[in-house]
Colleague: 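Got a structure here, written out as structure tokens. Questions coming.
Just so we're clear, the structure is a prediction, and the values are computed from it rather than from any experiment. Below, read A as the first sequence line, B as the second, and so on, with proteins coming before strands; counting in each chain starts at 1.
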Amino acid sequence: MQLLYFAWVRQSIGTGSEQKKLPENVTNVAGVIDWLRHEGEGYAEAFRDVDQIKFAVNQIFVSLEAPVKDSDEVAFFPPVTGG
Amino acid sequence: MQLLYFAWVRQSIGTGSEQKKLPENVTNVAGVIDWLRHEGEGYAEAFRDVDQIKFAVNQIFVSLEAPVKDSDEVAFFPPVTGG
Amino acid sequence: MTVRLQTEPLDPEVEVRTFRGRLDESGALVTFTGLMRGQDGIREISRMTLEHYPGMTEASLMAIEKEALERWPLDDCLIIHRIGEIMPGEPILLVAIAARHRQQAFKAAEFLIDWLKTKAPFWKYEEDSDGGRWVGARSQDDKLAKRWD
Amino acid sequence: MTVRLQTEPLDPEVEVRTFRGRLDESGALVTFTGLMRGQDGIREISRMTLEHYPGMTEASLMAIEKEALERWPLDDCLIIHRIGEIMPGEPILLVAIAARHRQQAFKAAEFLIDWLKTKAPFWKYEEDSDGGRWVGARSQDDKLAKRWD
């Protein structure tokens with residue numbers, strides 16, 4: 001799975017993108033978050049409050065229940081502040 | 001009284017401005033219109049339908065009842081169409 | 001705070017660049033340019049002439065600007081209106097508003113134009129191959145102006 | 001119909017002049033320029049950095065533009081957004097909308113900005129003498145965006 005992180009999510013985790021093998025029991029975005037939380041301190045910090053995080057699967061905003069598969073691009077980031 | 005006419009009011013009357021002595025019995029804008037209507041065919045045409053005319057006394061929009069005196073500048077024109 | 005009438009062609013980008021150069025802590029700059037259309041859906045308009053009431057027109061634009069400044073916290077504001085002969089495609093009116101935030105700038109810009117269109121003494125005369133006519137007031141403009149009563 | 005991201009400084013007047021030069025029968029041109037403010041009411045901001053999501057950001061701006069074109073009869077539309085480092089006073093965002101009449105142009109401009117601010121993946125990082133921080137989303141922006149639901 002292609003994982004992307006932006007803004008302070010990126011800073012907490014320490015990288016902007018990485019490739020990781022999706023565990024077989026993980027089937028949706030909420031599952032990805034639970035899995036990544038155990039990947040290290042930076043991840044735990046980034047995903048501490050899921051209400052502060054937005055996510056996109058293949059560049060489309062989705063909800064926590066959205067299904068994911070290993071070939072997806074999944075991105076995590078704070079609420080947007082452009083303009 | 002300084003009289004000013006704009007747009008088609010000016011074209012009907014044939015001049016954009018003129019000085020006329022205000023008759024003593026004329027005290028408001030409605031009276032000015034009644035008076036001017038009898039000053040010739042162009043005036044009669046210009047003031048045929050008072051609903052189509054706007055007026056200003058000393059450069060302020062006013063109603064038909066607004067008082068006038070001989071030293072005033074009174075202007076007649078169609079609804080505005082700038083911008 | 002500037003109000004200007006001019007017979008010369010109006011260059012909106014030159015004016016806006018100067019206006020923007022004077023801004024300090026504004027976060028939002030909204031501009032409106034009204035352009036002369038070469039047709040009104042029925043006729044091809046070859047030329048337009050804008051008549052105004054010297055003295056009253058300037059005073060009325062300044063009063064409208066003052067009213068906008070009282071209603072919203074604006075940083076700066078510019079109104080330039082063409083008078084005289086105007087050809088298709090040419091800018092007729094430029095309004096620029098600067099404010100801290102965009103909401104105030106947008107509201108003030110719409111307000112200024114709505115009031116200008118219904119309260120400032122300008123009259124448009126259009127010409128086509130059949131001759132000329134005075135443009136009538138649009139009831140839509142009266143409706144838009146009523147938003148701000 | 002143009003969407004552009006750029007790291008280079010954005011010159012709104014040059015862009016608007018080009019945009020206006022392409023117009024044909026538009027009567028109304030509305031522009032919005034978002035400028036970087038050098039202070040937020042508390043701190044002096046010395047620099048801002050705009051991060052984005054390459055690919056998704058462009059697609060999202062194009063989708064917002066498409067939505068505007070479906071909602072209003074617009075003649076043309078332009079969105080340019082800075083990315084990377086931005087200094088106080090510099091333009092961050094330019095939106096330009098051309099339409100036959102001003103009402104559609106104003107509505108579409110406000111809509112585009114409201115959606116851009118809440119749906120396009122950009123993140124602002126501000127720096128002052130004490131260090132840096134990620135700018136938080138404004139609840140006011142969410143409220144404004146809800147107008148168009």
Side-chain angles (χ1 to χ4, degrees), chain B residues 1-20 22 28-30 32-33 36 41-83, chain C residues 3 5 32-37 40 48-64 79-84 86 91-95 109-126 131-142 144-145:
Chain B
M1 167 170 284
Q2 180 67 34
L3 291 158
L4 300 175
Y5 313 115
F6 294 98
W8 53 256
V9 177
R10 171 177 59 71
Q11 287 189 317
S12 292
I13 292 176
T15 184
S17 75
E18 59 183 346
Q19 190 79 36
K20 275 183 188 281
L22 184 69
N28 65 16
V29 173
V32 174
I33 292 174
L36 291 175
E41 215 172 287
Y43 294 89
E45 169 62 23
F47 294 111
R48 195 162 38 90
D49 182 358
V50 175
D51 286 347
Q52 299 302 311
I53 303 264
K54 303 279 181 184
F55 15 85
V57 173
N58 300 325
Q59 307 196 353
I60 305 287
F61 282 103
V62 294
S63 68
L64 282 169
E65 295 71 36
V68 295
K69 52 189 189 306
D70 192 57
S71 57
D72 287 337
E73 172 177 301
V74 181
F76 296 96
F77 43 77
V80 305
T81 57
Chain C
V3 160
L5 301 182
F32 172 82
T33 305
L35 298 158
M36 184 189 153
R37 296 180 58 202
D40 63 1
M48 182 176 271
T49 307
L50 257 152
E51 185 165 328
H52 76 295
Y53 183 164
M56 181 172 171
T57 305
E58 294 87 334
S60 125
L61 294 180
M62 282 187 274
I64 292 169
I79 305 175
I80 305 177
H81 204 297
R82 284 286 298 280
I83 50 178
I86 299 170
I92 301 171
L93 165 67
L94 172 68
V95 168
E110 289 206 76
F111 165 82
L112 276 181
I113 301 157
D114 288 345
W115 270 32
L116 185 154
K117 286 211 173 239
T118 51
K119 293 176 198 279
F122 290 104
W123 302 275
K124 284 184 180 135
Y125 186 76
E126 278 179 356
R133 79 200 59 76
W134 292 98
V135 174
R138 290 172 71 216
S139 59
Q140 176 66 4
D141 285 331
D142 289 328
L144 289 173

Colleague: For chain C, which residues from residues 48-57 of chain B lie under 4.5 Å away (heavy-atom distances)?
Modeller: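 Interface residues of residues 48-57 of chain B: A56(B).
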Colleague: Do V80(B) and L116(C) touch side chain to side chain, with heavy atoms closer than 4.5 Å?
Modeller: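 No, too far: nothing below the 4.5 Å cut-off.
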Colleague: Looking at W123(C), F32(C), Y125(C), F122(C), which makes the most heavy-atom pairs under 4.5 Å with chain B?
Modeller: W123(C)
Colleague: Within residues 64-79 of chain B, which positions have a heavy-atom distance to chain C below 4.5 Å?
Modeller: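 Residues E73(B), A75(B), F77(B), P78(B), P79(B) are the ones that qualify, each having a heavy atom under 4.5 Å from chain C.
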Colleague: Any non-hydrogen side-chain atom of I79(C) less than 4.5 Å from a side-chain atom of L93(C)?
Modeller: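 Yes - at least one pair of side-chain heavy atoms lies under 4.5 Å apart.
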Colleague: Going from CD1 on I92(C) to CD1 on I80(C), what distance comes out if it is rounded to the nearest 0.5 angstrom?
Modeller: 14.0 Å
Colleague: Return the CZ to CG distance between R10(B) and L4(B), rounded to the nearest 0.5 Å.
Modeller: 11.5 Å
Colleague: Examine whether an atom of P91(C) lies under 4.5 Å from a heavy atom of chain B, and if so say whether it belongs to the side chain, the backbone or both; otherwise answer neither.
Modeller: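 For P91(C), no heavy atom lies under 4.5 Å from chain B.
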Colleague: Report yes if some heavy atom in the side chain of L3(B) is under 4.5 Å from a heavy atom in the side chain of L36(B); otherwise report no.
Modeller: yes
Colleague: Just how far is it from atom CG of L61(C) to atom NE2 of H52(C), taken to the nearest 0.5 Å?
Modeller: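 L61(C) CG to H52(C) NE2: 9.5 Å, rounded to 0.5 Å.
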Colleague: With chain B, which of R82(C), K124(C), H81(C) has the greatest number of heavy-atom pairs at distances under 4.5 Å?
Modeller: K124(C)
Colleague: With the side chain counted from C-beta on, respond yes when K117(C) and L144(C) share a heavy-atom pair under 4.5 Å apart, and no when they do not.
Modeller: no
Colleague: Let me know if I113(C) has heavy atoms under 4.5 Å from chain B in its side chain, its backbone, both or neither.
Modeller: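 Neither part.
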Colleague: Rounded to the nearest 0.5 Å, how far does CE of M48(C) lie from CD of E126(C)?
Modeller: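 Atom-to-atom, E126(C):CD and M48(C):CE are 4.5 Å apart.
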Colleague: Heavy atoms only: give me the nearest P121(C)-M56(C) pair and the separation to one decimal.
Modeller: CG-CG, 3.8 Å
Colleague: Give a yes or no answer on whether the side chain of E45(B) reaches the backbone of S12(B) with a donor-acceptor pair at less than 3.5 Å.
Modeller: no
Colleague: So for atom CD, which belongs to Q19(B), do other residues, nucleotides or ligands contribute more than 12 heavy atoms lying within a distance under 6.0 Å?
Modeller: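 Atom CD in Q19(B) is crowded, with more than 12 foreign heavy atoms closer than 6.0 Å.
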